[in-house]
K.L.:
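Starting off with a structure, shown below.
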Amino acid sequence: MIDEWSDLQMKPHLGVVVLYYNTKLAKITTRFLSLIELEEVNSDGIFAKLEEVLLDYGLDYKNMIGYGSDGAAVVSGCNNSVWTRLLSKNSNLIRFTCVCHSLAKVAEEAFSELPSRMSAILKMVPKWFKKSDKRKKEYTALFESMESL
């Protein structure tokens, strides 16, 4: 699984995580492999850094089962993406999209359908309850009373 983002200095980075069957523990294990600065934020640059990480750890494309990313075209698209490059190395790969990114897109789309004032109010709700136990209790009581209607 990979994800790319920019740090506070706006330098792009690539994070690489692997899921594998750990024979010693007899279970699927997740391991963070690398966080590496990207020189180019395009499919060439991202694939080159991913390939570098895989080589550093002695991982072979033939042993890969799946590939996960955020679904952006540069990493998951059908033309000239990291996905198509990996697929050319191993035609049996399965592609999946990060559930968190997918849910964030759904929420973003839903918010775009609301009147702008309503979406601003909904974004403020977590901050309103975050530091007040009294507000949380009052809300819970209100919610429970509404639930019985």
K.L.:
Does a salt bridge link E51 with K89, judged by any charged N lying under 4.0 Å from a carboxylate O?
P.N.:
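Salt bridge: yes.
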K.L.:
Should L50 and Y61 be regarded as members of a common hydrophobic cluster, given that ILVMFWY residues are connected when their side-chain heavy atoms come within less than 4.5 Å of each other, either directly or indirectly?
P.N.:
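Yes: a chain of side-chain contacts under 4.5 Å links L50 to Y61.
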K.L.:
Answer yes if L86 and I94 sit in the same cluster of Ile, Leu, Val, Met, Phe, Trp and Tyr residues linked by side chain heavy atoms under 4.5 Å apart, and no otherwise.
P.N.:
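Result: no, two separate clusters.
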K.L.:
Look at atom CG of N79 and say whether more than 12 heavy atoms of other residues, nucleotides or ligands are closer to it than 6.0 Å.
P.N.:
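Open.
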K.L.:
Just wondering, do L142 and M146 contact through their side chains at under 4.5 Å, heavy atoms?
P.N.:
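Result yes, sub-4.5 Å side-chain heavy-atom pair found.
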K.L.:
Looking only at heavy atoms, which two atoms of L59 and L33 are closest? And how far apart?
P.N.:
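The answer is CD1-CD1, 3.8 Å.
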K.L.:
May I ask you to check whether over 12 heavy atoms, not counting those of R135, lie within 6.0 Å of atom CZ?
P.N.:
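Yes, enclosed.
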K.L.:
So how far is it from L14 CG to W5 CH2, rounded to the nearest 0.5 Å?
P.N.:
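Between L14 CG and W5 CH2, I get 7.5 Å after rounding to 0.5 Å.
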K.L.:
Is the shortest heavy-atom distance from the side chain of S76 to the side chain of R95 under 4.5 Å?
P.N.:
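S76 vs R95: side chains touch.
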K.L.:
Please determine whether residues F143 and V125 belong to a single hydrophobic cluster, defined as Ile, Leu, Val, Met, Phe, Trp and Tyr linked transitively by side-chain heavy-atom distances below 4.5 Å.
P.N.:
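Same cluster.
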K.L.:
Do you reckon L35 sits in the same ILVMFWY cluster as V17, going by side-chain contacts under 4.5 Å, direct or chained?
P.N.:
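Linked within one cluster.
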K.L.:
Which distance, rounded to the nearest 0.5 Å, do you find between the NZ of K11 and the OG of S6?
P.N.:
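OG of S6 is found 11.5 Å from NZ of K11.
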K.L.:
Considering residues, nucleotides and ligands other than W128, do more than 12 of their heavy atoms fall under 6.0 Å from its CH2?
P.N.:
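Count not over threshold, so no.
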K.L.:
Between Y67 and I2, which heavy-atom pair has the shortest distance, and what is it?
P.N.:
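Looking at all heavy atoms of both residues, the shortest contact is OH-CD1, 3.3 Å.
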K.L.:
Out of curiosity, F47 CZ to E52 CD, how far, rounded to the nearest 0.5 Å?
P.N.:
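F47 atom CZ to E52 atom CD measures 12.0 Å (nearest 0.5 Å).
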K.L.:
Is it the case that the side chains of N42 and E40 hold a donor-acceptor pair, with the cut-off being a distance below 3.5 Å and no angle test?
P.N.:
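E40 vs N42: donor-acceptor pair found between side chains.
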K.L.:
What is the minimum heavy-atom distance between N90 and K62, and which atoms define it?
P.N.:
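Result for this residue pair: ND2-O, 3.7 Å.
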K.L.:
Taking everything shown except I65 itself, do over 12 heavy atoms lie less than 6.0 Å from its CD1?
P.N.:
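12 or below, so no.
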K.L.:
Around E39, counting heavy atoms of other residues, nucleotides and ligands shown, do more than 12 lie under 6.0 Å from its CD?
P.N.:
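Incorrect, the count does not exceed 12.
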K.L.:
Which pair of heavy atoms, one from V75 and one from S81, lies closest together, and at what distance?
P.N.:
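Closest approach of V75 to S81, heavy atoms only: C-CB, 4.1 Å.
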K.L.:
I'd like to know if M64 and L55 are part of one continuous hydrophobic network [Ile/Leu/Val/Met/Phe/Trp/Tyr, side-chain heavy atoms within less than 4.5 Å].
P.N.:
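Different clusters.
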K.L.:
Output, in order, the C-alpha distance, side-chain angles, deciding distance and verdict of side chain to side chain contact (heavy atoms under 4.5 Å, CB included) for W83 and L93.
P.N.:
CA-CA 9 Å; W83 162 245; L93 278 180; 3.8 Å; yes
K.L.:
Can you name the nearest heavy-atom pair linking E37 to K49, along with the distance?
P.N.:
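Heavy atoms only, the tightest pair is O-CE, 3.6 Å.
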K.L.:
Ignoring hydrogens, what is the shortest heavy-atom contact between S43 and R85? Give both atom names and the distance.
P.N.:
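In terms of heavy atoms, the two residues are closest at OG-NH2, 3.2 Å.
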K.L.:
Within a radius of less than 6.0 Å around OH of Y139, do more than 12 heavy atoms belonging to other residues, nucleotides or ligands occur?
P.N.:
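For Y139, atom OH is not crowded (no more than 12 foreign heavy atoms under 6.0 Å).
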K.L.:
To the nearest 0.5 Å, how far apart are CD in E113 and CD in E108?
P.N.:
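Reported value, rounded in 0.5 Å steps: 12.0 Å.
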K.L.:
Once you round to the nearest 0.5 Å, how far does CD1 of I36 lie from CD1 of I46?
P.N.:
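It comes to 12.0 Å.
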